[in-house]
Amino acid sequence: MRRRHFGDTNTGLRRQHNEDAYRADDELGLFLVCDGVGGRARGEIASAETAELIWEWIKREEPLLRSAIAESGPGPKDSPDPHIKMSEDMIGRLGAMVRSAVQNACYMVHSMGEVDPAQRGMSTTASVVQCVGELIIVGQVGDSRVYLARDGEVTQLTEDHTWLNVQVQHGRLTPAQARLKGNAGKHIITRAVGLREHVEVDILAVPVQPGDRLLLCSDGLHAYLDSGATLADLFKLSIREAAPAAIRHANACGGADNITALFVEFLAS
């Protein structure tokens, strides 16, 4: 399946420098957004290094990616989803690849902080999408997000690793109560790449089809996307117009943080 993409990043209206980073390699099928964790030393180094380290790891796994694409023929009997034309074993291997890429970046960024006191404690979020045929593997750490738009419906694929979201999961707050709290606890990250030697990575396999679109974004954008209509409107734009429009929207709403938007569109072969 063919793809096209367009991304953009912006410092926003209140920050002095941009701690976001994104990477888009259509040939490799890899797309990712990282957001240096606010208040941590050298967040811009953490995000840039993480994006590069993940890309390098996936690049070394090209033989596995080629094997997975070759396997994307008629759906095998052991496929966990009839829409995913790939064996369960191969899907597991791809998920392990993305998980290892993020965890390696975590170890390396943490080690950089241990060596250089000026970088100690630096960390970042990471939202990763690896495209393989008619399947995407999503890797998630932190509160950047991945959205999927299909047939006019928009779904958030990733889960925010924030203190506020933990309270909702444990039943201490309802989603409505969490929204009423506004930003209180919303930006307290419970998982980050580089903060410790190891990080747990959420992995999700999702089938895609022609016409689907993805948005990978930092919280500097999705903080202003509570309205489903806003998201749907952005996805209706052409792939080249959508990212600049998303940044304009975030800045018009206050631009309190760095803003990154990376759109990916799936096309018929």
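All values reported here derive from a predicted model rather than from experimental measurement.
A donor-acceptor pair is defined here as one N or O able to donate and one able to accept, closer than 3.5 Å; no such pair exists between the side chain of Thr124 and the backbone of Ala192. Remark: the backbone N or O of Leu214 is not paired with any side-chain donor or acceptor of Glu265 at under 3.5 angstrom. Here the side chain of His5 pairs no donor or acceptor atom with the backbone of Val264 at under 3.5 angstrom. One N or O on the side chain of Asp212 and one on the backbone of Gln209 form a donor-acceptor pair closer than 3.5 Å. Formation of a donor-acceptor pair under 3.5 Å by the Glu61 side chain with backbone atoms of Val98 is not found in this model. Of the possible polar contacts, one joining the Asn258 side chain to the Thr11 backbone as a donor-acceptor pair under 3.5 Å is found.
With respect to the salt-bridge test (charged N to carboxylate O, under 4.0 angstrom), the residues Arg4 and Asp26 do not qualify. Ion pairing of Arg23 with Glu52 is present here, as a side-chain N (NZ or NE/NH1/NH2) and a carboxylate O approach within less than 4.0 Å. A salt bridge is absent between Arg14 and Asp257: the closest approach of a Lys/Arg side-chain nitrogen to an acidic carboxylate oxygen does not fall below 4.0 angstrom. A salt bridge does not link Arg191 with Asp143: none of the charged nitrogens is closer than 4.0 Å to a carboxylate oxygen.
Under the 3.5 Å distance criterion, with hydrogens and angles disregarded, no donor-acceptor pair is assigned to the side chains of Ser100 and Gln103. Between Glu19 and Ser47, the side chains place no donor N or O within less than 3.5 Å of an acceptor N or O (distance only, hydrogens not considered).
Remark: aromatic rings of His198 and Tyr107 are distant, center separation not under 6.0 Å.
Just one of Asp20, Asp219, Asp35 meets the side-chain hydrogen bond (donor to acceptor under 3.5 Å, both in side chains) condition when paired with Thr260; it is Asp20.
Note on residues 239-269: pairs passing ring-ring contact (aromatic ring centres under 6.0 Å, His included), not counting sequence neighbours, are Phe235-Phe263.
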